Protein chains: 2
Amino acid sequence: MKRKLTLKLIAKELGVSISTVSKALRDSPEISEETREKIKAYAKLYNYKPNNIALSLKNRRTNTIGVIIPQIVHHFFTTVISGIEQEARDRNYNVIICLSNNGFDKEVENMELLANGSTDGFILSISKETMLKEDYHHLNEVIEQGMPVVMFDRVVEGISCDRVLIDDKAGAKKGVSHMIRTGCRKIGIITSEDYISVGRLRTEGYLDALDDYGIAANDNLILKLDNIDDLTEESKKRIEDFVTKNDLDGIFTVNEFFAVHATRVLTKLGKRIPEDVSIVCFTDGQLSENMIPSLTAVSQHGEEMGRKAASILIEKLEREDSETAPYDTAYIDTSLVERESTRKLNR
Amino acid sequence: MKRKLTLKLIAKELGVSISTVSKALRDSPEISEETREKIKAYAKLYNYKPNNIALSLKNRRTNTIGVIIPQIVHHFFTTVISGIEQEARDRNYNVIICLSNNGFDKEVENMELLANGSTDGFILSISKETMLKEDYHHLNEVIEQGMPVVMFDRVVEGISCDRVLIDDKAGAKKGVSHMIRTGCRKIGIITSEDYISVGRLRTEGYLDALDDYGIAANDNLILKLDNIDDLTEESKKRIEDFVTKNDLDGIFTVNEFFAVHATRVLTKLGKRIPEDVSIVCFTDGQLSENMIPSLTAVSQHGEEMGRKAASILIEKLEREDSETAPYDTAYIDTSLVERESTRKLNR
DNA sequence: AAGTATAACTTAATCGATTTAGTTCGTTAG
DNA sequence: CTAACGAACTAAATCGATTAAGTTATACTT
């Protein structure tokens, strides 16, 4: 194994001091033209690259953003990461991604790990278990240490940090309104329990839309499930029940999975989509696009969210007075992608 | 901002030397019981955690694995990452993920970045552009520096590294054989041009299966498309044509997208699945599972692949004689996940 | 000729940890 | 009474870089 080239080795080889080498490579005028050229030539020839670890230690900054998300096998999160990556790259930052697997302990562990020198700040979406426990000491600790934090999508109140949110309420309202305008009157929603913030907000948007059009809300048409990230057998059964029992003409769901399963149940019941029942879901992912029929969806623009989150974090990292800067919440607009699962609007 | 606690600060606070603190925390018998307890109590009280950067510099190892993949918004890759994460966590390693976006320059840039002290080794799936360019100097450089590399899924020959591969040929054969055994006789394949290795291998598996059952291959039943990672308009048209013109009773595809589009075309043609036409695809992802009808798929076991890759890399990192150890190629078995798009086997 | 700039380097401190090689001081052997 | 030893520490080197604070030798000023 060829040992990596260091300033020390170059210095020894060329018979100068380490600081001369360092200065020469940084184009310091302190070093003579001749020596500078010689050192630079040597460094180039042997492909010298400074050791990042040493630089981080010296500079007390890593130029690295830590990202902690509940899962990676998840279309929306990957789009957000993609956005974070783009922004980070443009602004010369690295990205480290860690997974909490929706668990509290792993989330804490990962944060502590990354906080011990590996990153300058965090972008995170909080795990389900953490939300349930309402224990945010790990967040407060890193913030206390002066590391800025940006939370996205799954956020909680009472933490001194910036936030980037999908306007879940407005998005849901957009989707439900579209159904109403295309003739739906008995619209059900398949959502999550209220402790999951995105579920709660989307439910509110649904209610808002009904209210706007003077349609009375009905608790029986609201199905709240435990798990928003996947489709458990339990959820399947409850969706089946819900769709079968209620003679709906529109179904709004907070994710793609619920919409897909509702479609399945409707198909089995012999209902036609969108002639008999319209379907709109939150999240414009692979399923919405490829299902037969394809699903009208509220697009979350994950990449934009990621870019925004990274941008806010880097801004904080690079300003001197970040300690005193106020925290704010940015909203990412949603848009409705019309597909085959809703009727066309007559204008 | 509360400055992070260091050995130096503890030493100053307790009026001892830095080395005493270090030794006390590492339970050295050199330090008296009394002092040790005092230091440990203080460290615990103020939640001392050693700085990883300093440790990495000192130990010249980071306990971090660098992962470079072409894209993150890709179900298969995320499952592999998930596997890498699990294995890494179990064995006390961290994971840094970087994206090449299927570009050569970004791949090189990322490798150089991570190689300068950030990671001890690499797990990567090579970008399409790199494969086309056939320029692997960045790989050879890090290997030269003594950093082990494990390539997975998209690999190339002639690099001194270990490899983890899906047995594409056997997987395809498994899928096609199942169709034959359940009664299909005129089976078409939608695959990629031969220069994409996974496509070529899967085509070979298809031909092998036909041969095994004494069914003559027919070039008209083989559709080779340009792009395997997504579904272009061009591809859609060709699939439509292919499915419409040939009166197939079985379709095998090398990815989910092709299968989904074939399903769409068949549905439009009024064909019933699986009664009239069976469908099997490579890759068991979200689409296969959720489509209506759900698709019988060849599962690649991405998590297992990730775990295996991480395991091989860590093994290399932890053995002294890794320089001389031989390189090998591990194959991850595929399995057939039977769903609604194929008929049941009569036994 | 003595004093002072300046160019071109080198030394040494620093980041935060570990570890090897000293240093004290008290106890005990001879 | 002193040399030797061990217990309990401390000093200093090290990892690889940066940089403030010296140090030379030479040129220039008055």
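Each chain gets a letter, A, B and so on, in the order the sequences are listed, and its residues count up from 1. Worth saying up front: this structure is predicted, and the values here are computed from it rather than measured.
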Inset, instruction - Answer yes or no: side-chain N or O of B:S19 and base N or O of D:dA11 forming a donor-acceptor pair under 3.5 Å. - result: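 Indeed, a donor on one side and an acceptor on the other fall under 3.5 Å apart.
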
Inset, instruction - Answer with yes or no whether B:K23 presents, from its side chain, a donor or acceptor under 3.5 Å of a partner atom in the base of D:dT10. - result: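 Pair found.
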
Less than 4.0 angstrom between a side-chain N/O of [X] and OP1 or OP2 of [N], yes or no?
X	N	result
A:K8	D:dC15	yes
A:Y48	D:dG16	no
A:R26	D:dT19	yes
B:S32	D:dC9	yes

Nucleotide nearest [X] (side chain, heavy atoms from C-beta), chosen from [options]:
X	options	result
B:I31	D:dC9, C:dT19, C:dT18	D:dC9
A:L57	D:dA8, C:dG16, D:dT10	C:dG16
A:L55	D:dC9, C:dT18, D:dA17	D:dA17
B:S17	C:dC15, D:dT10, D:dC15	D:dT10
B:T6	C:dA21, C:dG16, D:dC15	C:dG16
B:T35	C:dT18, D:dC9, D:dG16	D:dC9

Legend entry - Most 5' of B:G15 and A:N51 on DNA chain D, judged by nearest nucleotide: B:G15

Inset, instruction - For B:N59 and for B:R36, find the nucleotide of DNA chain D with the closest heavy atom, then tell me which residue's nucleotide is more 5'. - result: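 Between the two, 5'-proximity favours B:R36.
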
Inset, instruction - Select from B:S22 and A:I18 the residue whose nearest nucleotide in DNA chain C is closer to the 5' end of that strand. - result: A:I18

